[in-house]
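Heads up, the thing below is written out as structure tokens.
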Number of protein chains: 2
Amino acid sequence: MTSATAAWVGDGYDPECPTRVLLDRVGDKWTVLVIGVLADGPMRFTALRDRVGGVSGKVLTATLRALARDGLVTRTAYPTIPPRVDYELTDLGRSLQGPLDVIRDWSEQHIAAVIAHRDKFDDGASE
Amino acid sequence: MTSATAAWVGDGYDPECPTRVLLDRVGDKWTVLVIGVLADGPMRFTALRDRVGGVSGKVLTATLRALARDGLVTRTAYPTIPPRVDYELTDLGRSLQGPLDVIRDWSEQHIAAVIAHRDKFDDGASE
DNA sequence: CCCTTTAGTTACCTTGAGGTACCAGGGTAC
DNA sequence: GTACCCTGGTACCTCAAGGTAACTAAAGGG
């Protein structure tokens with residue numbers, strides 16, 4: 001094997017492998033969408049929920065907490081009534097946009113081929 | 001918002017968004033490991049299972065089938081006894097290694113910061 | 001007074017990824 | 001000839017992520 005692959009293959013699944021840590025965070029349904037929306041600037045909870053569309057409050061809370069825990073967003077709560085909480089990407093969070101752009105570029109270039117294979121595969125399976 | 005973010009934010013979660021298709025495939029526990037191992041060349045089922053380490057037969061079967069469905073690997077079954085099935089990365093599969101390398105690079109550069117934030121966050125929460 | 005608004009939390013349910021255990025089916029050893 | 005191994009794959013169960021909805025606190029409007 002090449003040393004490049006060795007770095008992320010290792011001796012099997014390792015929850016502490018750096019690549020795995022990132023994929024575990026970014027692989028879930030909403031994190032990428034939240035980061036994308038926050039790329040436009042700070043936003044409060046309800047605006048974020050409306051903007052992402054389809055996410056439940058519970059899951060958005062969990063997603064934002066995980067992002068804050070990892071230092072990718074900041075959470076700023078103002079003790080006003082009613083409460084107001086602003087979320088904002090950190091520099092670390094913004095630095096993630098490069099890799100995310102690469103993923104997006106690959107997807108947009110190759111998704112047609114993937115879908116084509118998928119359709120062909122499904123046709124063959126149903127015969 | 002920038003048009004770049006619009007491309008993958010859209011009006012919320014969309015299972016057909018190209019980026020989502022890729023993340024749904026690559027975000028699971030084993031796919032990246034399997035692609036990493038297959039980068040070394042074709043490999044048969046059992047060798048793959050031993051090489052990845054920790055993956056169950058069922059999950060490896062499902063992972064490989066999903067990869068084959070998407071045209072990222074080929075599955076070649078020889079009707080010998082005992083059976084022999086070879087799996088190999090396609091060109092499309094190999095083209096994924098670039099994005100995966102970017103992910104890996106980001107992870108290795110920033111994982112220390114993420115872990116540090118995580119520890120600080122957890123300390124604060126337990127007080 | 002009651003209802004609304006905000007940022008959650010909690011209870012409960014559904015779903016599906018992933019793990020365990022087993023199967024088919026032809027070898028081969030005795 | 002029968003008992004057991006090898007391979008790739010499958011039935012079945014578990015458990016946790018994610019979804020829905022009800023509830024909270026505290027101020028303000030009608």
Side-chain angles (χ1 to χ4, degrees), chain A residues 12-15 17 20-21 23-34 37-38 42-70 73-88 121 124-125, chain B residues 12-15 17 20-35 37-38 42-70 73-88 121 124-125:
Chain A
Y13 175 81
D14 175 7
C17 163
R20 189 95 302 272
V21 170
L23 285 173
D24 282 347
R25 167 70 53 250
V26 139
D28 79 285
K29 235 167 157 178
W30 302 109
T31 297
V32 171
L33 294 171
V34 169
V37 169
L38 284 180
M43 199 170 295
R44 47 192 303 197
F45 186 86
T46 306
L48 209 41
R49 186 175 52 195
D50 295 344
R51 196 67 188 313
V52 170
V55 70
S56 67
K58 172 197 164 182
V59 173
L60 184 56
T61 299
T63 301
L64 288 167
R65 180 163 306 161
L67 285 170
R69 186 170 102 102
D70 288 354
V73 308
T74 53
R75 177 185 188 278
T76 311
Y78 303 94
T80 57
I81 297 296
R84 174 204 178 97
V85 182
D86 280 1
Y87 291 94
E88 183 172 15
F121 185 97
Chain B
Y13 176 82
D14 175 7
C17 163
R20 191 95 303 272
V21 170
L22 178 59
L23 285 173
D24 282 346
R25 167 70 54 251
V26 140
D28 78 286
K29 233 168 159 179
W30 302 108
T31 297
V32 172
L33 295 172
V34 169
I35 292 177
V37 169
L38 283 179
M43 199 169 294
R44 47 192 302 194
F45 184 85
T46 306
L48 210 41
R49 186 175 54 196
D50 295 344
R51 194 76 182 326
V52 171
V55 69
S56 70
K58 177 206 160 179
V59 173
L60 184 56
T61 298
T63 301
L64 288 167
R65 180 164 306 161
L67 286 170
R69 187 170 102 103
D70 288 354
V73 307
T74 54
R75 177 184 186 278
T76 311
Y78 302 95
T80 57
I81 297 297
R84 174 203 177 96
V85 183
D86 279 2
Y87 291 94
E88 182 173 15
F121 186 97

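Naming: A, B, ... by sequence-line order, numbering from 1 per chain.
Distance CG/A/Asp50 to CZ/A/Phe45: 10.0 Å, rounded to 0.5 Å. We find the CG-OH distance between A/Leu60 and A/Tyr87 to be 7.0 Å, quoted to the nearest 0.5 Å. To the nearest 0.5 angstrom, A/Arg75 atom CZ is 13.0 Å from A/Leu67 atom CG.
If you take CG of B/Leu48 and P of D/dT7, they are 14 Å apart, rounded to a whole angstrom.
Of all heavy-atom pairs spanning B/Arg49 and B/Val55, the tightest one is CG-O, 3.7 Å.
Protein chain B contacts DNA chain C from C/dG18 to C/dG26, reading 5' to 3' and using non-hydrogen atoms of the protein with a distance under 4.0 Å.
By the 4.5 Å heavy-atom criterion applied to side chains, B/Leu64 and B/Leu48 are counted as neighbours. The side-chain heavy atoms of B/Asp86 and B/Arg44, taken from C-beta on, include a pair separated by under 4.5 Å. A 4.5 Å side-chain heavy-atom check between B/Glu88 and B/Leu38 finds every atom pair outside the cut-off.
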Scoring nucleotides 15-30 of chain D by protein non-hydrogen atoms under 4.0 Å (B base, S sugar-phosphate only, - none) yields ---BBB-----BS---
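Heavy atoms of A/Arg49 sit nowhere under 4.0 angstrom from any nucleic acid atom. Counting non-hydrogen atoms under 4.0 angstrom, A/Tyr78 reaches nothing in the nucleic acid.
Annotation: salt bridge (charged side-chain N to carboxylate O under 4.0 Å, His left out) contacts involving residues 21-30 of chain B, sequence neighbours excluded, comprise B/Arg20-B/Asp24, B/Arg25-B/Asp70.
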